[in-house]
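To keep things clear, I will list the structure first and then write my remarks on it.
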Amino acid sequence: MKKIFLSIIITLLTVSAGLPNPDDILEKVKSKINGVNDYRVEAVIKVDVNFLRVPETHATIFFKQPDKIKLESDGFALLPKEGLNFSPAKLLKDEYTAVIAKEEVINGKDVYLIKIIPLSDTSEFVLADLWIDKTEYVVHKIETTTKKSGTVTIELSYKDQLKYALPSELKLSFKVEQMNLPPGMTGEYQPNQETQKSGKMTGTVIVEYKDYQINIGLSDEFFDEADKINKSK
């Protein structure tokens, strides 16, 4: 009953404000994302965190729906693995209620700010804000408040792959209050004295993508073998 009541209230607010249905907008976003079954892309990863300075890393990233990912790199990569291929679809896989909060302009792009409220008590996030392009239906910015890892902000830029909603650049900014790295973080680190005293970690990760190869038919075995190697280490 609570879910039904919340949905009715949000629908009435949307209609009265003369705004489109947020669910229709999100379906168009998911439709673009689902047009990509797999891809390979070259990436340059730049990390700046308050407890460590990391050299620029060059890597090859492989992805297959719904969530298989593989990173090949000779260098050090300190990055939450979900940041390598973060997709709004991950926020929309479970039950949720969506509402258009307002219309804005980001980097010259007209966008809708849509708030995503999960309806499941087991959801990993409490609230997510998505800034969605009014005409291209790609996400330019995501701000997620999680239960365990604080607030994470992702900014996305696009060049050649608007058709598939694949970014040319991803900027991930995070701030965590507890002394633990986000799940899936790769690499090793040594916190400095300032971080140990404050218990706070802040950082920015910029991933630049180029030379996408889309829907090339990557097999599950290709990723499963990588998982076996990682688990054996």
Within-4.5 Å side-chain heavy-atom neighbours: [X] and [Y]:
{"X": "I206", "Y": "E208", "answer": "yes"}
{"X": "L71", "Y": "T60", "answer": "no"}
{"X": "K32", "Y": "K30", "answer": "no"}
{"X": "V207", "Y": "Y209", "answer": "yes"}
{"X": "K141", "Y": "L156", "answer": "no"}
{"X": "I69", "Y": "I61", "answer": "yes"}
{"X": "D48", "Y": "V205", "answer": "no"}

Requested in this report: With sequence neighbours left out, write down each residue that passes ring-ring contact (aromatic ring centres under 6.0 Å, His included) with Y112, or none if nothing qualifies.
Outcome: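 So Y112 forms no ring-ring contact (aromatic ring centres under 6.0 Å, His included) with any residue.
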Requested in this report: Go through the steps to decide whether T122 and S120 satisfy the test side chain to side chain donor-acceptor pair (under 3.5 Å), and finish with yes or no.
Outcome: CA-CA 5 Å; T122 60; S120 171; 2.7 Å; yes
Requested in this report: Step through it carefully: locate the ring centre of F62, locate the ring centre of F223, and say whether they are under 6.0 Å apart.
Outcome: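 No.
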Query raised in the report: How about N107: does its CG atom have over 12 heavy atoms from other parts shown lying under 6.0 Å from it?
Result: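 Not more than 12 within 6.0 Å, no.
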Query raised in the report: Do other residues, nucleotides or ligands put more than 12 heavy atoms under 6.0 Å from the NZ atom of K109?
Result: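 No, because the 6.0 Å sphere around NZ of K109 holds 12 heavy atoms or fewer from other groups.
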Query raised in the report: Which heavy-atom pair separates T57 from S73 by the least distance, and what is that distance?
Result: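 Smallest heavy-atom distance, with atoms named: CG2-OG, 3.2 Å.
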Please tabulate, for the side chains in residues 123-136, all donor-acceptor contacts under 3.5 angstrom to protein atoms that are two or more places apart in sequence or on a different chain.
from, atom 1, to, atom 2, distance (Å)
S123, OG, F125, N, 3.3
S123, OG, F125, O, 3.1
D129, OD1, K115, NZ, 3.1
D129, OD2, K115, NZ, 3.1
W131, NE1, E104, OE1, 2.9
D133, OD1, T135, N, 2.9
D133, OD1, T135, OG1, 3.0
D133, OD1, E136, N, 2.9
D133, OD2, H140, NE2, 3.0
K134, NZ, E103, OE2, 2.4

Distance-only donor-acceptor pairs under 3.5 Å for side chains of residues 157-173, two or more places apart:
from, atom 1, to, atom 2, distance (Å)
Y158, OH, V139, O, 2.5
S168, OG, S157, O, 3.1

Measure from the side-chain N and O atoms of [X] to the backbone N and O of [Y], and report whether any donor-acceptor pair falls under 3.5 Å.
{"X": "D38", "Y": "L218", "value": "yes"}
{"X": "Q65", "Y": "V36", "value": "yes"}
{"X": "D211", "Y": "V41", "value": "no"}

**Report entry** Candidate list T151, I154, L91, T153, test side chain to side chain contact (heavy atoms under 4.5 Å, CB included), partner T144, passing option
**Finding:**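 Output: one option passes, namely L91.
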Query raised in the report: Can you say whether the rings of Y39 and F63 are parallel (under 30°), tilted (30 to 60°) or perpendicular (over 60°)?
Result: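 Aromatic pair Y39/F63 classed tilted.
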